[in-house]
K.L.:
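Got a structure for you, questions after.
In this text, all values refer to a predicted model and were calculated from it rather than measured experimentally.
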Amino acid sequence: MGSRANLENNRRNFLRLGIGLVSGIAVPMALPGCGIDKGDEGGVYSQQTFVQPTMLEAKNGLLDVVLTAAYLDTTLSGADKSNRYAVSLRSYGYDGNPPSYAGPTLVVRGGEQLRIKLVNHLPVNPPFAAFRDPTNYMKPNTTNLHTHGLHVFPGIYEDKRTLEYGDYVVDPNNGGVIAGGDSRQYVYNLPVNHPAGPFYYHPQYHGSSAIQAASLMTGAIMVRGEVDDLPEMVQATELIFLFQAPYFANDRTANNYGAKDGSLEKFSQIANHPTGYGLKNSYLNDGYVDAQPVLINGVRQPTIVMESGEVQRWRFINTQIFNCLNVNLDNHVLHQYTLDGWGSSAYQEYPDSRQKGGRGIILSPGNRSSLIVRAGAPGVYLLRSLPVKISQGSRDTVLPGDVLAKIVVIDARKKQGKELVTAASIPATPLPISDFLKPIGDEEFASAGGKKRSIIFNMHGNEVSESSSGTFSALDQAIASGSIMASDFQESIKKNISEVRQKVAKVTGNSSESSVYIAPNPIPRYDYQLQPSNTIIQNVILGAVEEWTIFNCNSISHSFHIHVNPMYVTKVNGVSVGPYWCDTIALPSGGTPEQPTSITFRMRFADFTGPFLMHCQMLQHSDLGMIQRITVVPA
């Protein structure tokens, strides 16, 4: 590490950008190594370098924030945190503060109101994106806002003098919050019994969500509840981990498609090698792929300092647009008490998965987790993402492992001027949870009519072809043959849909009502009638309780997310599992049209009418059409 003066300068820089250092603990480094990391060579002190965004908390039942979208010019670390890259990426600022590495953390409780005025200070969309095609849905600087996982109204409040929006993201191609100063007022009224847990916000403008979220346009939402008021929870330090993997052009990337170093301006940058670049290792010949290095709140591999016996609660949020994590802490047990934002009365235990009986926490894109961790013996431990298989078929695909953070555990007696404190206790079970999470049993499902639906996830696609120069001549040539291609393209889609529906019907014994596709040759620049986000596919009556099965016809483990209402998962691949609540789930890998994998869930369509989405949270897939609209209508 650098000098203490440099550390203090870095600390001031984080504070200036609206990010706070969790603590300024400096401790002796005479500690044993408990992983591959043996501590800072030649260093005398270990400084906590974990930082987290500013936390804004509701007062008197209201949190009112102005969120601004703009470019952030800064430097970010690569896989080797000593290598810094100058970048210019889209990000969020708030209440007059400049953009930063993450948006502010917004803290509310059930029954409170969250108001966010989104102001778009991004520059107007480049003429290339709209050239000769005003209906083109890929407008990189048009945006909107989705509160991922929140159970809130998804429509537009039409009874207001000036328009106010709920979690409304089904903007038409000429809608959204337009670049160059447009704004939109979002209002989220949380039900009194809204479950407590971690959620987050990010853009969901169809066609542009991936390129924006793959920059730095994300921020955490914490919903507090009865579990947060437990004395042990109050006493525990809370750390919020926004796992980020920003993409940007650099000299170590195989193809930057003409984008300037440090920028993310071409969809091809994230579509043609969606796992990213940077974590190359010796395993790449054994099914391993390269992957984007992970940051936590903008910092690569930060250090967290804990006292032996200290209890902290950690909030994990995987904001990555494609890659999942397999989170593991050396020689420690992670006690999970929420999956996504949905609590459990008992802990799920995750011992060190490198040891017998251990297992990592799998976080698919969009997944969250709340954890209790108690520091063990003094030493240095690594928080890792272990290798994880994301595709299974003729050739498996495995994401490589990565070191996410370093945990330095010290003996409290060695801290000058402080007496030894008795080890803190982990909150006892059963933990309090909201009555919103009452199980959906057979009787309730049957009394509601027992309606079932089948949804197909299937992807066809080739490399996105995009001129590295981005010149109009390349676009002119493609458009000249566009009418012929579009006709063939539509017929190909119709054929594929018919074939897959027939194959799935043979497996399930039921005809499927709809399907979700990425179309062949998904070149986003031309009007090929790719499925838009506002296509009305599923209509549901308010108050309905239904059972849906999502079939995965691909080898890859798609990340399925549904807005507004959480899923009560009951089966995986047709086999009953211990039911649990979530709003984002990795579909089992290894599917084919002949033998798709599947998950089955039940859902209460409670409280809110209006339009919302279900889609693949691998946002490149979503932007290319793996998305459907659901509309809940009054009974």
K.L.:
Between Glu444 and Arg604, is there a side-chain N and carboxylate O pair less than 4.0 Å apart?
P.N.:
yes
K.L.:
Please confirm whether the backbone N or O of Gly176 pairs with a side-chain atom of Thr142, one donor and one acceptor, at under 3.5 Å?
P.N.:
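No; judged by distance alone, with no hydrogens or angles, the pair does not exist.
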K.L.:
Between Ser557 and Leu587 (side chain of the first, backbone of the second, donor and acceptor by atom type, cut-off under 3.5 Å), is there such a pair?
P.N.:
yes
K.L.:
Backbone N or O of Gly225 within a donor-acceptor pair of the Asp228 side chain at under 3.5 Å?
P.N.:
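Checked: pair present.
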K.L.:
Minimum heavy-atom separation for Ile541 to Ala635, with atom names?
P.N.:
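Residues Ile541 and Ala635, closest heavy atoms: CG2-CA, 3.5 Å.
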K.L.:
Quick check against the 3.5 Å criterion: does Asn565 have a side-chain atom that pairs as donor or acceptor with the backbone of Phe605?
P.N.:
no
K.L.:
I'd like to know if the side chain of Thr338 and the backbone of Ser370 have a donor-acceptor N/O pair within less than 3.5 Å.
P.N.:
yes
K.L.:
Between Asp229 and Arg109, does at least one N-O distance fall below 4.0 Å, as a salt bridge requires?
P.N.:
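Judged by the 4.0 Å cut-off on N to carboxylate O distance, Asp229 and Arg109 do form a salt bridge.
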K.L.:
Do the rings of Phe457 and Phe560 sit parallel, tilted or perpendicular, given the 30° and 60° boundaries?
P.N.:
perpendicular
K.L.:
Calculate, to the nearest 0.5 Å, the distance between atoms CD and CD1 belonging to Gln628 and Ile562 respectively.
P.N.:
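Interatomic distance, Gln628 CD to Ile562 CD1, rounded to 0.5 Å: 10.0 Å.
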K.L.:
Is the ring pair His335/Tyr347 parallel, tilted or perpendicular, if the boundaries are 30 and 60 degrees?
P.N.:
perpendicular
K.L.:
Under 6.0 Å between the ring centres of His563 and His615?
P.N.:
yes
K.L.:
Ring centres under 6.0 Å, that's the criterion: do His202 and Tyr200 meet it?
P.N.:
yes
K.L.:
Give me the atom names and distance for the closest heavy-atom approach of Cys616 to His621.
P.N.:
SG-ND1, 3.7 Å
K.L.:
Counting distance only, does the side-chain N/O of Asp167 pair as donor-acceptor with the main-chain N or O of Thr147 below 3.5 Å?
P.N.:
yes
K.L.:
Considering residues, nucleotides and ligands other than Leu386, do more than 12 of their heavy atoms fall under 6.0 Å from its CG?
P.N.:
yes
K.L.:
Treating Tyr568 as the side-chain partner and Lys438 as the backbone partner, does any N or O pair qualify as donor plus acceptor under 3.5 Å?
P.N.:
no
K.L.:
side-chain contact (heavy atoms from CB on, under 4.5 Å) with Gln336: which residues, sequence neighbours excluded?
P.N.:
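Expected list: Leu339, Gln348, Tyr350, Ile361, Ser369, Leu371.
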K.L.:
Measure the shortest side-chain to side-chain distance between Leu150 and Val223 over non-hydrogen atoms and say whether it is less than 4.5 angstrom.
P.N.:
yes
K.L.:
Check the pair Val388, Leu325 against side chain to side chain contact (heavy atoms under 4.5 Å, CB included), reporting the backbone distance first and the verdict last.
P.N.:
CA-CA 7 Å; Val388 57; Leu325 297 169; over 6 Å; no
K.L.:
Do the ring planes of Tyr165 and Tyr168 sit parallel (below 30°), tilted (30 to 60°) or perpendicular (above 60°)?
P.N.:
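Plane angle between 30° and 60°, so tilted.
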K.L.:
For Arg359 and Ser353, does a side-chain donor sit closer than 3.5 Å to a side-chain acceptor?
P.N.:
no
K.L.:
Would you tell me whether His146 and Ser209 have side-chain atoms, one donor and one acceptor, within less than 3.5 Å of each other?
P.N.:
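Result is no, nothing qualifies.
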K.L.:
Ignoring hydrogens and angles, tell me if any N or O in the side chain of Asn272 forms a donor-acceptor pair with the backbone of Gln269 under 3.5 Å.
P.N.:
no
K.L.:
If we check side-chain contact (heavy atoms from CB on, under 4.5 Å) with Thr397, which of these qualifies: Ile556, Thr275, Ile390?
P.N.:
Ile390
K.L.:
With no hydrogens and no angle check, is any side-chain donor or acceptor of Asn193 less than 3.5 Å from a backbone partner on Asp435?
P.N.:
no
K.L.:
Any chance the side chains of Thr549 and Thr600 put a donor and an acceptor closer than 3.5 Å?
P.N.:
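Side-chain D/A pair, Thr549 to Thr600: present.
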K.L.:
Just verifying a value: how many Å separate Ile116 CD1 and Ile221 CD1, rounded to the nearest 0.5 Å?
P.N.:
5.5 Å
K.L.:
Stepwise, does the side chain to side chain contact (heavy atoms under 4.5 Å, CB included) test hold for Ile585 with Tyr580?
P.N.:
CA-CA 11 Å; Ile585 187 171; Tyr580 60 92; 3.3 Å; yes
K.L.:
Is any side-chain N of the basic residue among Lys451 and Glu546 closer than 4.0 Å to the acidic one's carboxylate O?
P.N.:
no
K.L.:
Give a yes or no on whether the ring-centroid distance for Trp342 and Phe199 is below 6.0 angstrom.
P.N.:
yes
K.L.:
Can you list the residues that meet the side chain to side chain donor-acceptor pair (under 3.5 Å) rule with Ser391, with sequence neighbours excluded?
P.N.:
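Expected list: Ser555.
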K.L.:
Between the main-chain N or O of Arg368 and the side-chain N or O of Asp340, is there a donor-acceptor pair closer than 3.5 Å?
P.N.:
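Confirmed, Asp340 side chain pairs with Arg368 backbone.
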